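Please read the structure below before turning to the comments.
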Amino acid sequence: MKHIARSLWRNIEGAVAPTVALSLTALIAAGGIAFDYSRMATMDTELQTAADQAALAAAAQLDGGTTACKRAVAAAQGMVANQTLMANDNLGTSVTVPDPGVCNDDGSITFSATASVRFYKDVDKTQPADDSSNAKFVEVQVADRQANYALTPIVAAFRSGEMHAIAFAGLNSAICKVPPLMMCNPNETSDPDFTIGNYVGKGIRLVSNDGGGSYGPGNFGFLDAGAGNGASTLRQLLGNLNVPGNCTAGDGVTTEPGNLISVRDALNTRFGVYDNGLNQACGSGDGQCPPSANIRKDLLLRGNGANLNKLGFITGNGGNGWVEASNPYPGATNITAGGAYHSLSDTEISAISPMGYPEDECHSFTSGGTGICTNGRIGDGNWDRYAYFKSNSQNYSVTSANISTFLTSTFGTATPTRFQVYQYEMNNAATRLKSQASGSLSSISNPALLTLEPGGISPSSTQIDRRVLTVAVVDCTAEGVKGHSTGVGVTKWVDVFLVQPSEARTTGVRTSNSDIYVEMIGQTQNATDQGAVQLVKKSVPYLIQ
């Protein structure tokens, strides 16, 4: 018995059992916490993934259109089908975005900091968007969900509590294969967002900044497209049919200084206006810088027989080069003493030869070059339609009595834009544009009126119109633009119509030879890469946080 007792006393085979028994409760608790925490963490991941996808879907709709806000909300709510398998709050498996109720029918946004979808103008979220046109970033919050703990409470709680996820996204874009132009917002102080609807159809006089200092409202300049430096590169970028260089970032650009007087010559090739020194940019015979098929303009070419291939050739004036006609629009009298627009008589109008698409009247009729447009560099869209159609009487039969009827029946409106008229004439070239059919200027009764370039380019599914440009609108003062500036924010990308060649017009001191006069068409729309098409905007939504 002593031996048995001594053996039992010394036996250690079951010594761990009490330890296990004592620690089992703690082990089960730790395992339960790990299981439940993992469930909670996984649910958080599910919710965050859903929020990320919803924000990306919403950001993809922020194109500045009137319905952008509503489309963004619909995308966030309906295009994301994420599920949560870890929530067990009896609300099902779907992850949802509650209706934010912030988008109005007119495109305006009633901002609410507690809404599930919130729109902002800036990446720092300091400026809530108030309209679909300035909503550049979107924040999406998915509906709250919770998980009931299965094994043990965590931090004395039996459920996770309401959990949600938030994602913030924007639309990153690149503008590719376009002439690298920018213009400083002419109304930066009063309209820093450059509301497109305020400018469509209006003429804008863009003035160069040859001084090299700070750019201000209404100046224009160039962008760095990664194709090299110097005036010769800028000429190639602005005139060449196949624009070299890289895509330009849609949200932040680099400005590029340049010799504006020489560079603008490349833009003028789009009108069939060629000056000396373009061989490097446009190739031998300027063949790489073709004009638009419709080159209607208000300039004439002086020269000799060597220039017979240049449409608009005239002789007898002495010298060479492109100049105003001897009796240009708006005639001898520029402005009346009372400040009203001068009304040209039919006789005065008929004497204008040739007449291209004119500036807005408040830009055309000036006194000492000061201009009388209420908005300065921006016109009011009222251009002298009657004088234009009357002066081109060889193509149109209009009188002061029937002009309104003619415009309405032809264009569907009594106030067509210059771009609408240009397109109409392009599409009806046989009756509306005078061409060099025989190949000899001597056979044309009035060479100055030639407006259809035989070798010109017509727009197509693979070719943007040569007189349409995509331009970056920049708030130059706010961005502190000076010469070569990097990371410059773009307010809008817009399409503009080149109304006339850049040339000094002495009558009324209307434009200098470094001004560019354009008409606003509208905001650049999303597009896909179509090969030769110069106008390409690639937009990709991206997560910020």
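Since the structure is predicted, the reported quantities are computational estimates derived from the model, not experimental observations.
Side chain of Lys136 to backbone of Leu62: no donor-acceptor contact under 3.5 angstrom is found. Under the 3.5 Å distance criterion, the side-chain polar atoms of Thr410 are left unmatched by any main-chain donor or acceptor of Leu407. Remark: side-chain polar atoms of Tyr386 are not paired, donor with acceptor, to backbone N or O of Val398 under 3.5 angstrom. Although no hydrogens or angles enter the test, the distance criterion places a donor-acceptor pair under 3.5 Å between the side chain of Arg467 and the main chain of Val499. Judged purely by atom type and a 3.5 angstrom limit, Ser132 uses its side chain to pair as donor or acceptor with the backbone of Gly107. Formation of a donor-acceptor pair under 3.5 Å by the Thr399 side chain with backbone atoms of Asn402 is found in this model. A distance-only check finds a donor-acceptor pair linking the side chain of Asn268 to the backbone of Ser502 [under 3.5 Å]. Ser409 contributes a side-chain N or O that, together with a main-chain N or O of Phe406, makes up a donor-acceptor pair within less than 3.5 Å. Looking only at distances, a side-chain donor or acceptor of Asn185 sits under 3.5 Å from a matching main-chain atom of Asn187. In this structure a side-chain-to-backbone donor-acceptor pair under 3.5 Å is missing from Asn427 to Tyr424.
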Side chain to side chain donor-acceptor pair (under 3.5 Å) between Arg296 and Tyr388, worked out
CA-CA 11 Å; Arg296 193 183 289 282; Tyr388 173 78; 2.5 Å; yes
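A salt bridge does not link Lys202 with Glu519: every distance from a Lys NZ or Arg NE/NH1/NH2 to an Asp or Glu carboxylate oxygen is 4.0 Å or more. Salt-bridge check for Asp360 with Arg418: passed, with a basic side-chain N closer than 4.0 Å to an acidic carboxylate O. Between Asp515 and Arg205 there is a salt bridge, since at least one side-chain N of the basic residue sits less than 4.0 Å from a carboxylate O of the acidic one.
Within 6.0 Å of atom CG in Asp105, 12 or fewer heavy atoms from other residues, nucleotides or ligands are found, so the atom counts as exposed in its surroundings.
A side-chain N or O of Tyr422 and one of Ser292 form a donor-acceptor pair less than 3.5 Å apart. Side-chain contact, Thr195 with Asp193: no donor N or O sits under 3.5 Å from an acceptor N or O.
Taking the six-membered ring for Trp and the full ring otherwise, Phe194 and Tyr199 have centroids separated by under 6.0 Å.
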